[in-house]
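Quick one: structure below, then a few questions.
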Amino acid sequence: FSYRPSPCRQLGRCGFIFAMDPASAPIAAGGAAKYAVGQERGHTAGGAKEYAIAMPSSKDGPQEVDNREVTLTLAEPEGEPVSQARGTSHDVARLGDASSDSADGSVEETGLPRPFGHYDTMPAAKRGRKPTFVPGAMQPSMAKAFFNNICRMALWFALLEKTYGTELMWLLFAAQHLLKGVVQQLQASSMMWLFMEYHISGPQMQVYMSIASSAWALKPIIGLTSDLVPILGFRKGPYCILASLIGVASTTLVGFSTLQTASVTFIVMCLWGVSLQVATCDLLTEAKYSEHLSQKPEYGPDLITYVWGGVSVGNMIAIAVVGWLIVNMGPRSVFLACIFPCAVILAPCLANYFEEQPLTHVEILRDRDSFWEQSEVLFLCALMTGTTLFLSAQGMFFDSQTLHFVSALAVLVVLLPTFHLLLRPEIAKVNTFFVLQSALSLTIGGATFYFYTDTPQQYPEGPHFTPTFFATTLGLVSCAFSLAGLIVYTQLMKDWTYRSLLLMSNLLVTVLSLLDVVLFLRLNVSAGVPDSLFVLGSSVCSVAVRQWQWMPGVVIMSQLCPTGMEATMFAMLAGCANVGSQIADYFGAFMLDRLGVHPFGASGESRQFDNLWKASLISTLLPSVTIALIPLLVPDARQTDKLLMRDAASATSGSLYSRCRRR
C-alpha cells in the first residue's frame, strides 16, 4: 500500500486515502486477511488506484483484524516515496483514525470519525487486488446508526473547530446560517405578501422587489471600500457592525409599521437596508473563511459543507414557519421574528471574531497602491455601483414602465462593451454570457404571485393557493429537490465540460418552463390535473435542473478570479449577474405592462390574467437565444481545468484597452 498523507487528510469523515499498486510485491504470504480498504475513489498520477481506508465495524463495535505484518510506503501527493513505515495489519485498520505516522511506524490516534461498513476477506488468489466490499453485511441497528451518525457529526464539527478555530465557527453560524439562511429566507418569503397589503400591481411589485434586493449588486464596491478604507485599521468587523445596525433598525421599523404609518416607498427603503446587511456580512465572512482555506486547504471541502449545509438547514427552518406566521400574524410579524437573529451577528463582530489586527498607515498605503495597478477593475466596480443606484432611483421615484425599460436597456448597452474593453477576453466573454442569460430571463413573478394566491372572489378560475401551501409546502419541496439536484450534479456532472452542461441544462429549463404556459392557459384543469399537483411536479423538475444551470456558473466564476484579487473579482462577477437580474425585472415589468397584465388583488380581476401565458412564453423562449452563444462565449474546458493559463494574477491582460495603451 502507498500512503499519501496530503491532501488526503481532508477526507476525515471517511478515513485516509491509500493507493494500491497491483505491480507491487505481495503484502504477505499465505492465508486470508481482512483489510480496512473502502470503495475505489480514483487513480493517482502514476495510474495506481486509490481506496479509502476505514475501520471495519459490526454490532459489537470495531473489528480487530489479524495481526500479520504489512509494509506501508509513505509518499508525497506526486507519488514520490519519501520513507517506509512498518506495522501490522491491525495498524492498517487503525489508520482510518490516524493523523500522522512517526518515522518508526507507530500510529498517532486522533478523533477522526470512523466510517461504517464491513470488508470481506481477501483470498490468497486475489492478493494484490481490490478487497471485496459487502455493503449490507454487519449493519448496526437503526437506533445505533442514528446515534453513531450524531457522534460522527459531533466529531466532525470538533475537528473543524480545532482546525479553523472556535471564533470562525461561531462567526459563520451567525452570518451564514442565521442571517443568510434563516433571516434572508424569512424576509424573501414574506415580501410579496407585504406589498400585497398596499395593493401594488404585479409589474410594479417586481420593480420594488428588484430595488429591495439591489444591495447584492453593490458587493464589489463594498469589498473595495472595506479593503481600501479600513476603519481604525480594521477592514471587516466595523463594516459588518455598521451594516448590521442599519439592518436591525430597518427590520424593526418594518416589523412595527402599519399601513397608516409607513408608505410603500419607506418599506422599500427599509427592505434595501435589510439586504445591505445580509450582502455585507455575507461578503466579508466569505472573504474571512477564504483566508483560512488558503492557509489550511486540507479540510476546505468540509468547511464549505459546514457553511452551505447550515444555510440549507436555515432555509428549511424559515420556510417551515413562514407560512404559519403570515396566516396567523400577518407578514409584518415575520420581520419582528427576524430582529433577534439579525442582531446576533453583532456579538462576534464586537468580540473581533474576525481575528483582525489593526493595520498601520504604511500597510494601508501599500495595499492601495497594489489596487491602483489594475485601475480598470476599480472603474468597473464604480460603474456597476453607478448603474445599480441609477436603476434603483428610477424604479423608486418613477412609475413609468417604459422609462424603466429604456433605463435598463441603456445600462445593458453600456456594460457589455465595457467588459470587452477593460477585461481580459476569457473573463469578458463568460461575463457577457451570464449577464445576457440573466437579463433575457424576463421576470413575471409579480403577476404570477397574484395568479397563484388570489381568492375565489378575486380570480374565480385561479388555483387559490393559501400562504401555507405557497410559502411553506411549495418552498420545502423546492428546497428538497434543489438539494437533490445539487447531489446529482456533485455525483455525476462535475466532470462535464462547461459547454455540454450549460447546453443540456438550458435546453431542459426551456422545455420545463413551457409547463407554466400550460398552467396559465388552465389546460391542466381541462385535463383533470389539480393545480397543486401540477405545480409541485413542474417545480420539482425545474428547480433540480436549474441547479445544474447555476453550478457551472459558480465554478467558472471562481476559476476566472486572478490570483491575489479573488474576493474582489468574484464579488464583481457575481455583482454583474445581480445587475442582469435587475435588468430582467425591469424588462419583465415592461412586458407585463404592454400585455395588460396588471393584477393587484382586486375583486373580479380574471381578465388581468388573459395574456399571462403570452408573457410566460416570451420569458421562456427569449433566454434560449443565449444557447447559440455558448460556443462563442463559454470555454470548451472541463470544470476542473485551469482557465487563466497566462498572467494568472491579472484581470486585464490582453484586453483591448491594455493593447491600445501599449501602442
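All of these numbers come straight from a predicted model, not from anything done at the bench. What's counted below: heavy atoms across the whole structure, side chains too, no hydrogens, waters or symmetry copies.
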Report yes if some heavy atom in the side chain of Trp216 is under 4.5 Å from a heavy atom in the side chain of Thr388; otherwise report no.
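No, too far: nothing below the 4.5 Å cut-off.
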Between the main-chain N or O of Leu629 and the side-chain N or O of Thr626, is there a donor-acceptor pair closer than 3.5 Å?
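Flag not set: sc Thr626 to bb Leu629 has no pair under 3.5 Å.
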Assess the residue pair Arg368 and Asp227 against the criterion (salt bridge (Lys or Arg N to Asp or Glu O under 4.0 Å)); give the C-alpha distance rounded to whole Å, side-chain angles, the decisive distance to 0.1 Å, and a yes or no.
CA-CA 8 Å; Arg368 289 176 182 174; Asp227 284 336; over 6 Å; no
For Asp593 and Ala589, indicate whether the former's side chain and the latter's backbone hold a donor-acceptor pair under 3.5 Å.
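Absent.
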Shortest non-hydrogen contact from Ala215 to Ser275?
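Reported closest heavy-atom pair: CB-OG, 3.3 Å.
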Would you sort out whether Tyr459 and Tyr450 count as a ring-ring contact (aromatic ring centres under 6.0 Å, His included), showing the intermediate values?
CA-CA 9 Å; Tyr459 181 27; Tyr450 287 109; over 10 Å; no
Polar side chain donor-acceptor pair, Thr443 to Asp585, under 3.5 angstrom
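Side-chain D/A pair, Thr443 to Asp585: present.
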Would you name the heavy atoms of His598 and Pro203 that are closest together and state the gap between them?
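Looking at all heavy atoms of both residues, the closest pair is CD2-CG, 4.0 Å.
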Between Arg659 and Gly654 (side chain of the first, backbone of the second, donor and acceptor by atom type, cut-off under 3.5 Å), is there such a pair?
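Between the backbone of Gly654 and the side chain of Arg659 there is a qualifying donor-acceptor contact (under 3.5 Å).
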Apply side-chain contact (heavy atoms from CB on, under 4.5 Å) to the pair Gln187 and Leu271, showing each step before the final yes or no.
CA-CA 9 Å; Gln187 294 174 347; Leu271 293 175; 5.7 Å; no
Within the distance-only criterion (no hydrogens, no angle test), does the side chain of Gln458 pair as donor or acceptor with the backbone N or O of Thr455 below 3.5 angstrom?
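Yes: the side chain of Gln458 pairs with the backbone of Thr455.
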His177 versus Val182: any side-chain heavy-atom pair under 4.5 Å?
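Sidechains of Val182 and His177: no contact.
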Evaluation steps, side-chain contact (heavy atoms from CB on, under 4.5 Å), between Asn506 and Gln437
CA-CA 10 Å; Asn506 277 277; Gln437 187 179 60; 2.6 Å; yes
If you look at every heavy atom in Thr432 and His420, which pair is closest and at what distance?
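Minimum heavy-atom separation between Thr432 and His420: OG1-NE2, 2.8 Å.
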CZ (Phe419) with more than 12 external heavy atoms under 6.0 Å:
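Yes, CZ of Phe419 has more than 12 neighbouring heavy atoms, counting only those of other groups under 6.0 Å.
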Answer whether the closest heavy-atom distance between the side chains of Gln277 and Val183 falls below 4.5 Å.
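No, their side chains stay 4.5 Å or more apart.
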Quick one: closest heavy-atom pair of His404 and Gly395, and the distance?
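Smallest interatomic distance, heavy atoms only, reads NE2-CA, 3.6 Å.
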Quick one, Phe434 and Ile556 - any side-chain contact, counting heavy atoms below 4.5 Å?
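Heavy-atom side-chain distance check passes, below 4.5 Å.
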Between Ser658 and Ser655, do the side chains contain an N or O donor and an N or O acceptor separated by less than 3.5 Å?
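Note: Ser658 and Ser655 side chains meet the donor-acceptor criterion.
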Measure up the Phe405 and Phe587 rings against each other and bin them: parallel (under 30°), tilted (30 to 60°), perpendicular (over 60°).
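Taking Phe587 first and then Phe405, their aromatic rings sit tilted (interplane angle of 30° to 60°).
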State whether the side chain of Ser392 and the backbone N or O of Leu389 hold a donor-acceptor pair below 3.5 Å, judged by distance alone.
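No; judged by distance alone, with no hydrogens or angles, the pair does not exist.
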Heavy-atom pair of closest approach, residues Tyr239 and Ser226
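Smallest heavy-atom distance, with atoms named: CE1-CA, 3.6 Å.
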Rounded at 0.5 Å granularity, tell me how far NE2 in His464 sits from CZ in Phe451.
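Between atom NE2 of His464 and atom CZ of Phe451 there are 9.5 Å.
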Between atom OG1 of Thr280 and atom CD1 of Ile241, what is the distance when rounded to the nearest 0.5 Å?
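Output value for this atom pair is 12.5 Å.
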From OG1 (Thr251) to CD1 (Ile246), nearest 0.5 Å
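One finds 11.5 Å between OG1 of Thr251 and CD1 of Ile246.
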Just by distance, with hydrogens left out, do Gln457 and Ser603 show a side-chain donor and acceptor under 3.5 Å apart?
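There is no such pair (donor and acceptor under 3.5 Å, judged by atom type) between the side chains of Gln457 and Ser603.
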Go through the steps for Asp610 and Val597 under the test side-chain contact (heavy atoms from CB on, under 4.5 Å), then give the verdict.
CA-CA 8 Å; Asp610 287 348; Val597 182; over 6 Å; no
Residue pair Ser513, Arg546: steps toward the side-chain contact (heavy atoms from CB on, under 4.5 Å) verdict:
CA-CA 11 Å; Ser513 297; Arg546 287 187 187 277; 3.5 Å; yes
Side chain Thr448, main chain Gly445, donor-acceptor under 3.5 Å:
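At least one qualifying donor-acceptor pair exists.
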Tell me whether the count of non-hydrogen atoms from other residues, nucleotides or ligands lying under 6.0 Å of CE in Met196 goes above 12.
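Atom CE in Met196 is packed in, count exceeds 12.
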Mind checking the CZ-CZ spacing from Phe520 to Arg522? Nearest 0.5 Å is all I need.
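CZ of Arg522 is found 9.5 Å from CZ of Phe520.
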Do Leu416 and Leu436 touch side chain to side chain, with heavy atoms closer than 4.5 Å?
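Heavy-atom side-chain distance check passes, below 4.5 Å.
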Can you tell if the side chain of Ser201 reaches within under 4.5 Å of the side chain of Pro599, non-hydrogen atoms only?
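Contact flag for Ser201/Pro599 side chains = no.
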Checking ring pair (Phe, Tyr, Trp, His ring centres under 6.0 Å) between Tyr452 and each of Phe465, Phe609, Phe469, Trp193, which is the one that passes?
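It is Phe465; the other options fail the test.
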Heavy-atom side-chain proximity of Thr285 to Phe354 below 4.5 angstrom
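Counting from C-beta outward, Thr285 and Phe354 do come under 4.5 Å.
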Shortest non-hydrogen separation from Tyr586 to Leu391 and the atoms involved
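Looking at all heavy atoms of both residues, the closest pair is OH-O, 2.6 Å.
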Roughly how far apart are Tyr208 OH and Leu194 CG, rounded to 0.5 Å?
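Rounded to the nearest 0.5 Å, the OH-CG separation comes to 12.5 Å.
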Give a yes or no on whether the backbone of Gly323 and the side-chain of Thr472 come within a donor-acceptor separation of less than 3.5 Å.
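Yes, Thr472 side chain to Gly323 backbone: donor-acceptor pair under 3.5 Å.
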Side chains of Gln185 and Ser189 only: does a donor on one sit below 3.5 Å from an acceptor on the other?
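On atom types as modelled, these side chains qualify, holding a pair under 3.5 Å.
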Can you find a heavy atom in the side chain of Val411 that is under 4.5 Å from one in the side chain of Val579?
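Side chain of Val411 against side chain of Val579, heavy atoms only: contact under 4.5 Å found.
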CE (Met396) with more than 12 external heavy atoms under 6.0 Å
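Count over threshold, so yes.
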Can you tell me if Gln547 and Ser482 form a side-chain donor-acceptor pair at under 3.5 Å?
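Yes, because at least one side-chain N or O of Gln547 sits under 3.5 Å from a partner of the opposite role on Ser482.
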List the steps, then state whether ring-ring contact (aromatic ring centres under 6.0 Å, His included) holds for Phe470 with Phe449.
CA-CA 9 Å; Phe470 185 77; Phe449 170 75; 5.8 Å; yes
Any donor-acceptor pair under 3.5 Å from Arg499 side chain to Pro631 backbone:
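Looks like yes, one N/O pair under 3.5 Å.
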Distance alone, cut at 3.5 Å: any donor-acceptor contact between the side chains of Gln184 and Asn315?
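Asn315 and Gln184 do not have a side-chain donor-acceptor pair below 3.5 Å.
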Any side-chain donor paired with an acceptor under 3.5 Å for Glu286 and Gln176?
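Gln176 and Glu286 do not have a side-chain donor-acceptor pair below 3.5 Å.
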Short question: side chain of Ser619, backbone of Ala615 - any donor-acceptor pair under 3.5 Å?
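Yes, Ser619 side chain to Ala615 backbone: donor-acceptor pair under 3.5 Å.
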Quick check for you: to the nearest 0.5 Å, what is the distance between Ser213 atom OG and Met191 atom CE?
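These two atoms lie 6.5 Å from each other.
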Between Ser624 and Leu621, is there a donor-acceptor pair closer than 3.5 Å when you use the side chain of the first and the backbone of the second?
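Side chain of Ser624 to backbone of Leu621: a pair is present.
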